[in-house]
Every structure is written in structure tokens, then in C-alpha cells.
Amino acid sequence: MIVFYLVSNSEENTSRACELILNAGFAHQVFADHAVDSFRVIEGMIQQEELIRLIFLTKAMLFDDIERLLSQEIPEHDFRIYSTPVTQVDGATGKAIRERLPDGIQSSVTPTNPS
């Protein structure tokens with residue numbers, strides 16, 4: 001399992017992504033952090049922007065399928081997508097994820113990441 005993170009500055013795109021993820025069955029619950037501060041250097045100056053971060057647990061093998069779905073349905077997105085492995089989860093949540101989430105949508109496509 002992984003914790004999947006999707007970060008964007010677009011409220012509209014993150015709301016749409018949340019709907020797509022839940023309707024496709026890739027997660028049974030999505031959390032949204034609003035007003036996540038991001039800092040980076042642009043042309044020698046530190047710039048700040050407020051971002052929205054979606055967080056959810058899912059199966060690691062679904063990473064590429066989720067990324068593909070989001071790119072197909074929201075081609076103009078600015079998403080930053082990454083994940084971290086989950087080594088432990090409570091029994092009820094683990095069972096819900098194993099029973100309700102698909103094993104993989106398109107296994108014929110070569111994965112873009114090693115997870």
C-alpha cells in the first residue's frame with residue numbers, strides 16, 4: 001500500500017480529481033489539505049504559493065493507473081504526484097482497501113515508476 005499525494009494550485013482540478021479517484025474505486029476516502037504553503041526559488045527570488053493537497057491510501061500497483069486517469073480526464077492539470085510506502089495500517093482500513101480497490105486497470109502499459 002501507498003499514501004498517494006496529489007498537489008495542485010487549482011481548486012477546480014483537485015475537486016475533479018477527488019471525484020475521479022473515488023468514482024473509479026481507487027480510494028475509499030480522500031483527505032484534502034487546503035492552503036498548503038509552498039516555497040521555491042524562481043529567478044533568484046523565493047516565491048510562495050498556496051496549494052491544495054489530496055491524500056489517500058491505495059494499492060501501490062494502482063499508481064500508474066491513477067496517473068493515467070488524471071492525465072486523460074484533466075489534461076490541462078498542473079498536478080505534482082508522488083507516493084510513500086505504507087508498512088502498517090489498522091486492520092479495518094487495510095481490509096477495506098484490499099476488498100474494495102481494484103488490483104490494476106491496465107497491466108499492458110509499462111509502469112512509469114518502480115512502485
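Quick note: numbers below take in every heavy atom, side chains included, and nothing from hydrogens, waters or symmetry partners. All of these numbers come straight from a predicted model, not from anything done at the bench. In this chain, numbering begins with 1 at the start of the sequence shown.
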>> Please enumerate all residues that pass side chain to side chain donor-acceptor pair (under 3.5 Å) together with D33, with sequence neighbours excluded.
In response: R53
> Relative to each other, are the rings of F63 and F4 parallel, tilted or perpendicular (30° and 60° limits)?
Replying inline: tilted
> Can you list the steps and then say if E49 with R80 is a salt bridge (charged side-chain N to carboxylate O under 4.0 Å, His left out)?
Replying inline: CA-CA 14 Å; E49 67 179 328; R80 290 172 237 169; 3.2 Å; yes
Side-chain heavy atoms of [X] within contact of [Y], under 4.5 Å:
X	Y	value
Y82	V7	yes
I2	T84	no
I55	V3	yes
I81	Y5	no

> Is a donor on one side and an acceptor on the other found under 3.5 Å between the side chain of T93 and the backbone of V89?
Replying inline: no
> Side chain of T14, backbone of I52: donor and acceptor closer than 3.5 Å?
Replying inline: no
>> Pair N13, S8 - check side-chain hydrogen bond (donor to acceptor under 3.5 Å, both in side chains), show working.
In response: CA-CA 8 Å; N13 285 348; S8 173; 5.0 Å; no
> Hey, mind stepping through R40 and Q48 against side chain to side chain contact (heavy atoms under 4.5 Å, CB included) and telling me if it holds?
Replying inline: CA-CA 7 Å; R40 59 186 168 162; Q48 178 183 0; over 6 Å; no
> Which residues satisfy the salt bridge (charged side-chain N to carboxylate O under 4.0 Å, His left out) test with E12, sequence neighbours excluded?
Replying inline: none
> With distance as the sole criterion, is a donor-acceptor pair present between the side chains of E50 and N9 under 3.5 Å?
Replying inline: no
